[in-house]
Structures are given as structure tokens and as C-alpha cells.
Amino acid sequence: MGRLTCSSSAVLLVVAVVLLVNAEVVLCDGCSYKRIFAFGDSIIDTGNFVYGIGNGQSALKELPFGMTFFKRPSGRICDGRVLVDFYAEAFNLPLLPPSIPEEKTGQFATGANFAVFASIALPPAYYKSKYNFTMSVPSDLGAQLDSFKRVLARIAPGENSTRAVLNESLVLMGEIGGNDYNFWFNGDPKNSRDTPDQYLPDVVARIGSAVQEVINLGARAVVVPGNFPIGCVPAYLSAHQSGNQSDYDEHGCLRWYNDFSQRHNAALRQEVGRLRSKNPGAKVVYADYYGAAMQFVRNPQQFGIADPLVACCGGDGKYHTGKPCDKNATLWGNPSGFASWDGIHMTEKAYSVIAAGVLDGPFADTPLRHFC
């Protein structure tokens, strides 16, 4: 080998400096991102819905919401942190601010959360025109994407600037779509439970088109979560109780509704595969929230959970349902011993288990810590 010359040493020095400057982008144990942009519903809403209430009263503004981590209501529909909080912490980012309060002024240097409680994937007009079914919701995926694009146009004007911002960001597309089914299944009792199978392909296609839209804007890392095992959700178990034991699996969950979630997830996985093929320069990962959640259904004691099918905060029903979670509800114990917070949403404990399975495997096509 020849001797290092002055010029070659200088090159090595420059390379070393560049590596140090960019150390935040690639970590020794995986990856990091400068920002996270998230879309979804109440599963990850960090304050948009509560902000929209204004001065109006809401149980979400009072304890016991937020009792575990924040020690105060935080705008999250949970006793503490939600999934997106754990993702932000994993990448050494501050917890994501809700986007709506600062949509016109915030710089969102580390990202923003566009998710809104009770959001749906398809627009309400879709259900009104096709099924004469009214979904009165505060937001949908299209509205969240429109808000996202307005923010991008302000903080990173021009195509090149927008792409630069999104190239170094992680995009979390959901979970979204669950409410498109929840509102139907738990709405008018006359609703046929077979109808959501008819519009399931359109829900999945809408999620896919949203992913394609952010990729077209410049996103290069997108996480697409699937739906949860809704047949194990206390609100479903209470609303759809059956005297036929064959309707339940060995864990006490409703078979038909879990099978439905799996049909949605199978279609979504197929859509993620299509998006990967179409966008070889982008990385699109499917997050298996169903499989991650089934961990504490199958082996609750492993996670310190006594009964995964009952709510921590609620009423006196079989599944601790029958009353909304508010300051007057029954708090059945420490939320860390429960999977369900209010009969619909999960506890911080449950979300931490799911997040760990997505961040470190095996409940993501590529564990997020290594999603480079």
C-alpha cells in the first residue's frame, strides 16, 4: 500500500466529520429519523380532538384520562402514552404535538400528529351515498392529508424542500379504517354485519392511495398498521354477546369479528406488497397490530394482565362496560394490570407491548429500529 498523502488524509478527515455530523441519522443499533408524521384516529390522537372541543365539557379533559404517565389529561384517549409516543421515544424524538392547534404557525421541527379521535378512512359521503348510512365524524383520512399538505407548503415550500423534509421523516399511516367498521357494527342493530365486507376493499384502497400520496410527495419510509382483534374488545364482547359457545374462541373472543379483522389485514398486506412493487425507492412496512395484541390475549400473565377482555375504567357489566369512562366511572384497579382502558381503547401497558413488537420484532415486516 502507498503512503497517505496530505490530500488523502484531508479526505479521510472530511469523511469522518461528515459521519459525525450525520450520526443522528444512523444509530449503532438501527435507525433514527428527524421527524415523524402520523395519521389516524383515537388510537394515536395526542390532542387534536380535545383541542377541537374548545371550552366544551368532555370526560377526556378530566382524570382518570392521563393518570398513569402524564398525571393529568393529555388529550390522549388512554391512561397514559399511546403507540406513537413509544415510536417517538424509540427514535429519541419529543412526543408528537397535535397538528391542529398550530396548523397555521407551527414549524413542527420533529414532526406532527394529524390523527383525530373518531376519524374514518373513507369520506362520510361514501357511506351516505352507497348505504344511506350517516357517519358523523370530526375528520377522515382525506381531511388529514389536506391539512398535512397545507403544513408542508408552509414549512417546506417547493417540491425540493418538501422532498428533503420527507426523505428524513418516518410516516405512520394509521391505524386507520377501524372506525369505518366500528361505527357500522356498533351502530343501528339492524345493520347487517356482512355489509362491511362489501366496502372493505374500498377502505384498504383508500389507505393505499394515502400511502402512495405521501410517497409521491417524497416520503421514503412509511409504516402501515393493520387492525386489532376486535372480537377481543370489551365493547364488542358486550354489544354482541351470544348464547352459542361456538361463537367464541378458546380465549373468549368473538370468532366472527376476529376473522373479519384478519380479512381486512390480509387485504391490507396485499396492498402493502403492491405499493412496494410500485415504489422500489420507498420502504413500506406492514405493522401487525393484530398479532401483537394477541400476545396478551393468549398469555396475559406474561405481561402482568389478569383478564385481557375487561376494561379498567367503565361500568359494572360483565366486561366492565355499560358506562363510559369518566370521573364517575368505576376504576377497577391499576391500569398496568389491564389491556383495555375504557372498553374500546387500550391501556398504556398494552400499547407498550404492541409498540415493542413493532419496534423490535416480530410484529413488523421489518422491525422499525432497523427500518433503514
Side-chain angles (χ1 to χ4, degrees), residues 42-44 64-69 76-87 90 175 178 182 186 225-242 245-262 264-265 287-325 329-364 367:
S42 55
I43 299 300
I44 61 167
F65 286 92
M67 63 177 283
T68 300
F69 181 80
R76 292 159 177 78
I77 299 79
C78 184
D79 65 289
R81 290 165 291 181
V82 294
L83 285 162
V84 71
D85 295 321
F86 291 105
Y87 299 150
E175 182 271 337
N182 293 338
N186 299 311
N227 200 359
F228 299 96
I230 59 175
C232 303
V233 173
Y236 272 82
L237 287 163
S238 178
H240 305 284
Q241 292 186 57
S242 172
Q245 285 305 304
S246 65
D247 289 338
Y248 297 88
D249 66 15
E250 67 273 28
H251 309 296
C253 301
L254 288 162
R255 293 181 186 275
W256 191 93
Y257 291 98
N258 275 358
D259 288 346
F260 177 85
S261 289
Q262 290 180 304
H264 167 89
N265 292 341
D288 181 13
Y289 283 4
Y290 185 102
M294 285 302 294
Q295 291 180 101
F296 46 75
V297 173
R298 295 188 179 105
N299 300 295
Q301 289 77 21
Q302 178 182 344
F303 304 99
I305 294 170
D307 186 346
L309 306 184
V310 300
C312 175
C313 179
D316 299 325
K318 179 179 178 181
Y319 300 100
H320 297 176
T321 54
K323 186 176 181 180
C325 179
T330 299
L331 197 63
W332 288 90
N334 190 317
S336 66
F338 292 80
S340 176
W341 167 237
D342 60 359
I344 301 173
H345 308 93
M346 295 185 189
T347 58
E348 175 182 277
K349 175 62 170 292
Y351 287 139
S352 72
V353 172
I354 293 171
V358 173
L359 286 163
D360 301 310
F363 297 105

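Positions are given from 1 along the sequence.
Counting all heavy atoms, side chain and backbone alike, C325 lies closest to W341 at SG-CZ2, 3.8 Å. In terms of heavy atoms, I344 sits closest to A235 at CG1-CB, 3.8 Å. Considering all non-hydrogen atoms of both residues, P234 and L309 come closest at CG-O, 3.4 Å. Contact detail for R81 and R76: the closest heavy-atom pair is CA-CD, 4.4 Å. Between G252 and L237, the closest heavy-atom pair is O-CD2, 3.3 Å. In plain terms, the two heavy atoms of K349 and F338 that are nearest each other are CB-O, 4.2 Å.
Considering only heavy atoms from C-beta on, D85 stays 4.5 Å or farther from F69 through its side chain. The shortest side-chain heavy-atom distance between V82 and Y87 does not fall under the 4.5 Å cut-off. The closest side-chain heavy-atom distance from E348 to F86 is below 4.5 Å. With a 4.5 Å cut-off on side-chain heavy atoms, H251 and C232 do not count as touching. Residues C253 and V297 are in side-chain contact: their nearest non-hydrogen atoms beyond the backbone lie under 4.5 Å apart. Proximity of Y289 to N265: side-chain heavy atoms (C-beta onward) are nowhere separated by under 4.5 Å. At least one side-chain heavy atom of M346 sits under 4.5 Å from a side-chain heavy atom of F296.
Atom CG of residue L83 and atom CD of residue E175 lie 9.5 Å apart, to the nearest 0.5 angstrom. Taking CD1 of I77 as the start and CG of D342 as the end, the distance is 8.5 Å to the nearest 0.5 Å. Considering CG of D259 and CD1 of I230, their distance stands at 10.0 Å, rounded to 0.5 Å. The distance from the CG atom of D316 to the NZ atom of K323 is 7.5 Å, given to the nearest 0.5 Å. Atom CD1 of residue I43 and atom NE2 of residue H345 lie 5.0 Å apart, to the nearest 0.5 angstrom. Interatomic distance, OH of Y319 versus OG1 of T321, reported as 8.5 Å (0.5 Å rounding).
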CA sep, side-chain torsions, deciding dist, call: F65, C313, side-chain contact (heavy atoms from CB on, under 4.5 Å): CA-CA 10 Å; F65 286 92; C313 179; 5.9 Å; no

Residue pair F363, Q295: steps toward the side-chain contact (heavy atoms from CB on, under 4.5 Å) verdict: CA-CA 10 Å; F363 297 105; Q295 291 180 101; 3.4 Å; yes

Verdict with reasoning, S340 to V233, per side-chain contact (heavy atoms from CB on, under 4.5 Å): CA-CA 8 Å; S340 176; V233 173; 5.9 Å; no

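A side-chain donor-acceptor contact under 3.5 Å links D288 to the backbone of G291. Looking only at distances, a side-chain donor or acceptor of S261 sits under 3.5 Å from a matching main-chain atom of F228. Under a 3.5 Å cut-off, the side chain of N227 and the backbone N or O of G178 do not form any donor-acceptor pair. The backbone N or O of G315 lies less than 3.5 Å from a partner atom in the side chain of W332, making a donor-acceptor pair. Without hydrogens or angle criteria, N334 side chain to G337 main chain gives no donor-acceptor distance under 3.5 Å.
A donor atom on one side chain and an acceptor atom on the other are found under 3.5 Å apart for Y236 and N182.
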